Amino acid sequence: MERLVDDSHDGIDFHLGQIAAALGLRNSVLLHERCFLAVEGETEQQAMPLLFRLSQKLSLQAAGIALWGCENNEGALHLARYLVKHQRTVMLMIDADSRSNKLLKDERLRRAGLDLDTQVTYVGEGEGFNELEELFTDAQWATAANARWPRPAPQTWTADDFTAHRGGRKFSGDILRMIKEQAADDSPSGKPAMVYGLATTLTAAQDVPQQLRDVFAQLQKLAH
């Protein structure tokens, strides 16, 4: 008997993969995937499992949801189109700034077979934001930075340090640069590590931005 000892997203995937291999099954057969979540890339791949579990109190796998990173927003659309064509349930999650990409106009998404109301999510839209990182409050960013990438003592990060970058060209890039320049020792290697670091400091479902909680609830409906 082999027990699941690592209940992280990757740990569950690995354990299920071992069972599938032992039974001669494809992972998808074993997982009974009922819904696919197509996201832009590594940032979402690392952070969404933590945020979903915190919000919904179960893992993506337990909810029957398969998370796929697609390198960019166009890749996510290609995957979503393929899955729809093969009659699979899918949600496309891309940053609101994808609106500027002519390949992601509403008409193209409709032609891909996607329902714009239930199967397409523009992260940040409706809140006046362009990207995932902006959904988290400046206080949350300051708490994460003090816990994961502190400044040299006696300096600490404050919410104002992050507020100063609101309204800039690209919030995520600006705060990543700031942390790298001012952290005492360790700093995030890139945006995926930065957002993952933030996600690990959240402790309650209410800490997950409301828009993401709404998306996760919709995902569970699609998966059922």
Side-chain angles (χ1 to χ4, degrees), residues 3-4 6-21 23 25-70 73 75-96 98 104 106 108-127 132 135-136 195-196 199 202-224:
R3 296 185 181 276
L4 174 64
D6 177 6
D7 70 345
S8 68
H9 182 79
D10 289 342
I12 294 172
D13 271 354
F14 179 73
H15 185 68
L16 291 173
Q18 287 184 310
I19 295 173
L23 296 175
L25 300 173
R26 291 180 292 108
N27 284 6
S28 57
V29 173
L30 182 65
L31 289 171
H32 301 293
E33 293 155 340
R34 297 186 296 274
C35 180
F36 291 81
L37 175 58
V39 298
E40 291 190 28
E42 189 178 353
T43 298
E44 293 82 4
Q45 273 187 295
Q46 291 191 20
M48 288 304 163
L50 293 180
L51 296 171
F52 185 90
R53 183 190 289 257
L54 187 60
S55 172
Q56 306 305 109
K57 308 304 181 186
L58 78 168
S59 67
L60 284 166
Q61 294 97 330
I65 299 165
L67 176 65
W68 284 68
C70 304
N73 50 22
L77 174 58
H78 292 326
L79 174 65
R81 180 189 294 116
Y82 175 85
L83 291 169
V84 168
K85 181 179 178 181
H86 289 81
Q87 301 181 320
R88 303 304 299 271
T89 303
V90 61
M91 176 180 282
L92 174 66
M93 177 186 284
I94 50 182
D95 284 342
S98 297
L104 293 159
D106 286 352
R108 286 182 176 270
L109 297 179
R110 290 192 188 96
R111 288 207 301 266
L114 293 165
D115 183 318
L116 299 184
D117 293 327
T118 62
Q119 292 182 288
V120 180
T121 295
Y122 289 97
V123 177
E125 194 165 80
E127 304 288 336
L132 170 66
L135 287 179
F136 300 96
V195 179
Y196 179 84
L202 306 180
T203 58
Q206 292 75 17
D207 295 335
V208 179
Q210 184 64 54
Q211 187 186 39
L212 293 182
R213 280 184 276 156
D214 292 342
V215 171
F216 295 154
Q218 179 62 30
L219 268 171
Q220 284 195 271
K221 288 182 180 180
L222 288 174
H224 290 305

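The model shown is predicted, which means the values in this text are computed figures rather than measured ones. In this chain, residues are counted from 1 in sequence order.
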- Task: Please report the shortest heavy-atom distance between Ala63 and Ala223, naming the atom on each side.
- Result: O-CB, 3.4 Å

- Query: Taking the side chain as C-beta and beyond, is there a heavy-atom pair between Trp68 and Val39 under 4.5 Å?
  - Reply: no

- Atom CZ of Arg110 and atom CG of Asp106: how far apart are they, to the nearest 0.5 Å? 5.0 Å

- Do the non-hydrogen side-chain atoms of Arg34 and Thr89 ever get within less than 4.5 Å of each other? no

- Of all pairs that satisfy side chain to side chain donor-acceptor pair (under 3.5 Å), the ones with a partner from residues 210-224, not counting sequence neighbours: Gln56-Gln220, Gln210-Arg213, Gln210-Asp214

- Provide the closest heavy-atom pair for Cys70 versus Ala76 in the form atom of the first, atom of the second, distance. CB-N, 3.2 Å

- Query: For the side chain to side chain contact (heavy atoms under 4.5 Å, CB included) test, which of Val120, Leu104, Val123 pairs with Ser98?
  - Reply: Leu104

- Taking the side chain as every heavy atom from C-beta outward, state whether Asp95 and Asn73 have any atom pair closer than 4.5 Å. no

- Note on the structure: Between Glu44 and the options Glu42, Glu40, Gln46, the side chain to side chain contact (heavy atoms under 4.5 Å, CB included) test singles out Glu40

- Task: State which residues pass side-chain contact (heavy atoms from CB on, under 4.5 Å) with Phe136; sequence neighbours excluded, sorted by chain then number.
- Result: Leu51, Leu132, Gln140, Trp141, Leu198, Leu202, Pro209, Leu212

- Query: Parallel, tilted or perpendicular for Phe216 and Phe52, by the 30°/60° rule?
  - Reply: perpendicular

- For Gln119 against Val90, the heavy-atom pair lying closest together: NE2-O, 3.1 Å

- Task: Find the distance between CG (Leu77) and CG (Leu114) and round it off to the nearest 0.5 Å.
- Result: 7.0 Å

- Query: Considering all heavy atoms of both residues, which atom of Val84 and which atom of Ala112 are nearest to each other, and what is their separation?
  - Reply: CG1-O, 3.6 Å

- Message: Apply ring-ring contact (aromatic ring centres under 6.0 Å, His included) to residues Tyr82 and His78 and explain how you reach the verdict.
- Response: CA-CA 6 Å; Tyr82 175 85; His78 292 326; over 10 Å; no

- Query: Of all residues at least two apart in sequence or in a different chain, which pass the salt bridge (Lys or Arg N to Asp or Glu O under 4.0 Å) check with Glu125?
  - Reply: Arg99

- Message: With rounding to the nearest 0.5 angstrom, report the CG to OG1 distance, Leu92 to Thr121.
- Response: 8.0 Å

